[in-house]
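One structure below.
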Number of protein chains: 2
Amino acid sequence: MVEKINLEPPAVIRNRPKIQDVARVAGVSTATVSRTLSKPEAVSKATRDMVLEAVQATGYRADHAARNLRRRRSGAIVVLVPNLGNPFFSQILAAIENTMSAAGYSVLIADTMQPQFRKQQILEHLHNNSADGMIVLDGSMAEEFLRSETAGIAASPVVFACEWTDKLRYPSVRIDNHSGAAMAVRHLIDLGHCKIGHIAGPAHNVLTTARREGFKAELKASGLKIRSEWDFDGDFSIEAGIQAAQSWFDLDNRPTAMFCASDEIAFGFISELNSRGIRVPDDVSVVGFDDIDIARHFIPPLTTIHQPRNDMGEMAARKLLANILGVASADQQDKLLLPVELIVRKSTAAPK
Amino acid sequence: MVEKINLEPPAVIRNRPKIQDVARVAGVSTATVSRTLSKPEAVSKATRDMVLEAVQATGYRADHAARNLRRRRSGAIVVLVPNLGNPFFSQILAAIENTMSAAGYSVLIADTMQPQFRKQQILEHLHNNSADGMIVLDGSMAEEFLRSETAGIAASPVVFACEWTDKLRYPSVRIDNHSGAAMAVRHLIDLGHCKIGHIAGPAHNVLTTARREGFKAELKASGLKIRSEWDFDGDFSIEAGIQAAQSWFDLDNRPTAMFCASDEIAFGFISELNSRGIRVPDDVSVVGFDDIDIARHFIPPLTTIHQPRNDMGEMAARKLLANILGVASADQQDKLLLPVELIVRKSTAAPK
DNA sequence: CAAGCCGGTGTAATCGATTACAAATCGCTA
DNA sequence: TAGCGATTTGTAATCGATTACACCGGCTTG
């Protein structure tokens, strides 16, 4: 007799309370509990209070897997980042995270610096319901998207940010790279430079192309000669700046000013020249691109093109949200071009 | 008669194929399809081939929400990052992401620079099955954990990394901050400095305390005086370095060397002094802490304490995985202390 | 030749919440 | 007071995959 009590299943001491438990405690149906939690106005005050009390008492938390299954959504998005370690991207990421989490979405990150087979795998997120959308900061992922499209896989909400692609019709948020580059060159010309060089980003990158073209266009507009030996290939890294500095150093006829496709390039360039006794801006002027945090505090403080990183992340997130929610894209431009700004600091001066 | 054909539901042209569709096409049961995909060795080669073919034909992708619901797991973890924009953290994050994604887990990010009510909300991930575990890079989140523990919420796998807390029994991965600081000071003493100051991190932070104590301990061990007016409060930012530079500048009796609790502090300090005509290392030596990427290329290249960021992220991820999978923690130390390294560059020299 | 075992497969219960639909209740008017 | 609509609540189907259990045939073994 006495043992029988112990044989009863410990109904109250379940591991994790489920909606059934709350319903039982509150003396209502599971439907009512669910409604109380998702649209409280559909439930009378009296029962609402009872339910909320029962939720408190049981410590109930709705299981997201179950909810997502039924609602046919995941409540998460993926951000594809090339090189997470780069502060430029992580700040955009921060803005995206803020905007999305305020809207009730979680943010999954995926680093695209991965072997090829993993890159392809990343897109699975969109096909298996583990994400409702994707923000792509890596233009080179366009190929992967193309491949999956030709594989007949349905399109999901995708927004490109920073980088973009013309091969696909996805919306994008980006800055005006062309005029940014032009502004940088204009500034150097205004200072009196006429021997102006360029250190470019990685080959086959849309940003590299846009900035290089802006650079050339402004030179041409001012009637200055474009000399290919002053136009260095690189990537966006510090190392590329160092490489370019060596090449620059070896030139017989050196440009007196350099426009770098990124701040990091500029840092590497200045740092390497500095160790060889060349001074910036005394011996050569340098303009960067991006305006990352340290730019302001580098020695010398770097003249650069400011990108509104926060705005860019936020706009990308908003656009993605609008696409996910199916808001009419009438007022949503497909290409959002954000303005840039020239920040003049101490790394540029008139030529000697 | 003819219309009747059109009234048939277009069974083949479903929106998204489900396991039922694959089963029908392959002529087997859903159980067999599931088994083929999750443990192929339990299925005969003949049927396996049929199923895989059907998967190809239909373009089937297992729905994660459904799988997670049944498997009672989410396949994702959360990383709590204070200030995502900080490159120091984003590099650790990159290492975590690599390790976790290789293990088949997704990584959710959450920025803890949020209003209080959102901080509390972050822990919900662990309570509603939207994450299987959590890596915490923000020691100050310990309070939220405490609060949720006293609220009787079951503990989930959690690992602290970089920062930690002694109030809770969670495992942690961290560097040896105390000896890092001591090494920095030792280096300065070896160069001949005896007036050594410190710029600290934010108050109430474990790293601040550990590094400050390492700093003081080494001074004391060498019989040098500890002067409180040479010990500046701050945080880990560039701004803090600038502030400290102003205070340093105003001193009558200035230290000839400064140990900074972060590289960013050092940058701000050097940058501000530079604009006031004070040279590093000629007039004052500076040691940083962290060895972030730009440290090597700053002007002057920064002498600093190197943190193995990649190892730290990877170890934290591994430890979390072990906890999630329930691997015996016998060989798993609760506190993993990673070694640091002094990197001597050009920002330190013998005093004049 | 019967019993037992094993690899391979199908049936159906299950994970936990949401929600369409039905039913009950209440108030108010004709 | 009957009847109608509005409000509130409950019942049960549903989301889609996983997996416990049962079953079946074939092979080994005593």
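Worth saying up front: this structure is predicted, and the values here are computed from it rather than measured. Just so it is clear: chains get the letters A, B, ... in the order the sequence lines come, proteins before strands, and each one is counted from 1.
Between the CG atom of Asn68(B) and the P atom of dA17(C) there is a distance of 15 Å, rounded to whole Å. Atom pair Arg16(A):CZ and dG16(C):C1' shows a separation of 9 Å (rounding to whole Å applied). Straight-line distance from the CD atom of Gln20(B) to the P atom of dG10(C): 12 Å, rounded to whole Å. dA17(D) atom P lies 16 Å from atom CZ of Arg73(B), rounded to whole Å. Here dG16(C) presents its C1' atom at 13 Å from CG of Leu37(A), a figure rounded to the nearest Å. The CG-P distance, from Asn128(A) to dG16(D), rounds to 14 Å in whole Å. Nucleotide dA17(D) holds its C1' atom 19 Å from the NE2 atom of His127(A), rounded to whole Å. Separating the CZ atom of Arg48(A) from the P atom of dT8(D) is a distance of 9 Å, rounded to the nearest angstrom.
The residue Val33(A) sits apart from the nucleic acid: no heavy atom pair falls under 4.0 Å. Counting non-hydrogen atoms under 4.0 angstrom, Thr47(A) reaches the backbone sugars and phosphates but no base.
Sorted by first and then second residue, the salt bridge (Lys or Arg N to Asp or Glu O under 4.0 Å) pairs with a member in residues 45-57 of chain A read Lys45(A)-Asp49(A); sequence neighbours excluded.
For the side-chain hydrogen bond (donor to acceptor under 3.5 Å, both in side chains) test, no residue two or more places apart in sequence or in another chain qualifies with Asn310(B). In this view, Ala65(B) and Asn68(A), Leu69(A), Asp63(B) satisfy the side-chain contact (heavy atoms from CB on, under 4.5 Å) rule, not counting sequence neighbours. Listed by chain and number, the residues in a side-chain contact (heavy atoms from CB on, under 4.5 Å) with Leu146(A) are Lys167(A), Leu168(A) (sequence neighbours excluded). Asn128(B) is linked by a side-chain hydrogen bond (donor to acceptor under 3.5 Å, both in side chains) to His64(A), Ser130(B), counting only residues two or more places apart in sequence or in another chain. For the side-chain contact (heavy atoms from CB on, under 4.5 Å) test, residues two or more places apart in sequence or in another chain that qualify with Asn86(B) are Asn83(B), Phe88(B), Phe89(B). In this structure, Thr36(A) has no side-chain hydrogen bond (donor to acceptor under 3.5 Å, both in side chains) partners at least two apart in sequence or on a different chain. Residues that satisfy the side-chain contact (heavy atoms from CB on, under 4.5 Å) test with Gln20(A), not counting sequence neighbours, are Lys18(A), Thr30(A). Under the rule for a side-chain hydrogen bond (donor to acceptor under 3.5 Å, both in side chains), the partners of Thr47(A) that lie at least two apart in sequence or sit in another chain are Ser44(A).
Each of Ala42(A) and Asn129(A) was assigned the nucleotide of DNA chain D with the nearest heavy atom; the assignment lying further toward the 5' end belongs to Ala42(A).
By the neighbour-count criterion of 12 heavy atoms within 6.0 Å, atom CE of Met312(A) is densely surrounded, having more than that number from other residues, nucleotides or ligands.
Ser34(B) has no side-chain polar atom (N or O) that falls below the 4.0 Å cut-off from OP1 or OP2 of dT19(D). Residue Tyr60(A) places at least one side-chain N or O under 4.0 Å from the OP1 or OP2 atom of dA17(C).
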> Once each nucleotide of nucleotides 10-15 of chain D is scored for protein heavy atoms under 4.0 Å, what B/S/- sequence comes out, 5' to 3'?
Replying inline: BBBBBB
Collect all protein-nucleotide pairs involving nucleotides 24-26 of chain C in which both atoms are nitrogen or oxygen and the distance is under 3.5 Å.
none

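Helix bend of the helix from dC1(C)-dG30(D) to dA30(C)-dT1(D): the angle between its two end axes, each built from five pairs, comes to 50° after rounding to 10°.
Put simply, the side chain of Lys119(A) does not reach to within 4.5 Å of the side chain of Glu143(A), judged on heavy atoms.
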>> Working note: Arg174(A) + Glu163(A), criterion salt bridge (Lys or Arg N to Asp or Glu O under 4.0 Å); need CA distance, chi angles, decisive distance, verdict.
In response: CA-CA 7 Å; Arg174(A) 45 174 122 159; Glu163(A) 305 190 356; over 6 Å; no
